[in-house]
Amino acid sequence: MISADTLAAYPPGIPNVLPGEVITAEVIDFLQRTAAAPSGHVRGALDPAVSRLRVVEPDARLPHRVDLPFRSESTEKTP
């Protein structure tokens with residue numbers, strides 16, 4: 001997926017994804033975990049849980065929305 005938006009996890013608020021960058025599963029996981037934290041927030045996300053993103057369709061290069069599956073606590077990595 002190619003991002004159509006700037007996404008910045010807060011804290012610290014520095015952009016993690018810029019328009020035109022590829023969004024990986026690892027980045028989505030990080031942003032969703034940040035958003036779920038008590039003081040976490042992702043600036044630029046379509047919703048507070050980061051369950052939807054605006055992406056650019058590779059062929060058309062037009063922005064559209066993608067609904068992501070909600071991250072469940074059962075997907076947490078355990079040592």
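Keep in mind the model is a prediction, meaning the values are calculated, not measured.
The nearest pair of heavy atoms linking Ser3 to Leu18 is CB-O, 3.8 Å. Between Pro15 and Ala8, the shortest heavy-atom distance links the atoms CA-CB, 3.7 Å. When all heavy atoms are compared, the tightest approach of Gln32 to Val50 is NE2-O, 3.0 Å. When every heavy atom of Leu31 is checked against every heavy atom of Val42, the shortest pair comes out as O-CG2, 3.5 Å.
Using a 4.5 Å heavy-atom cutoff, the side chains of Leu7 and Asn16 are not in contact. By the 4.5 Å heavy-atom criterion applied to side chains, Ile28 and Met1 are counted as neighbours.
For the pair Asp47 (side chain) and Ala49 (backbone), a donor-acceptor distance under 3.5 Å is present.
If you run side chain to side chain contact (heavy atoms under 4.5 Å, CB included) between Pro19 and each of Ile2, Thr6, Asp5, only Thr6 comes through.
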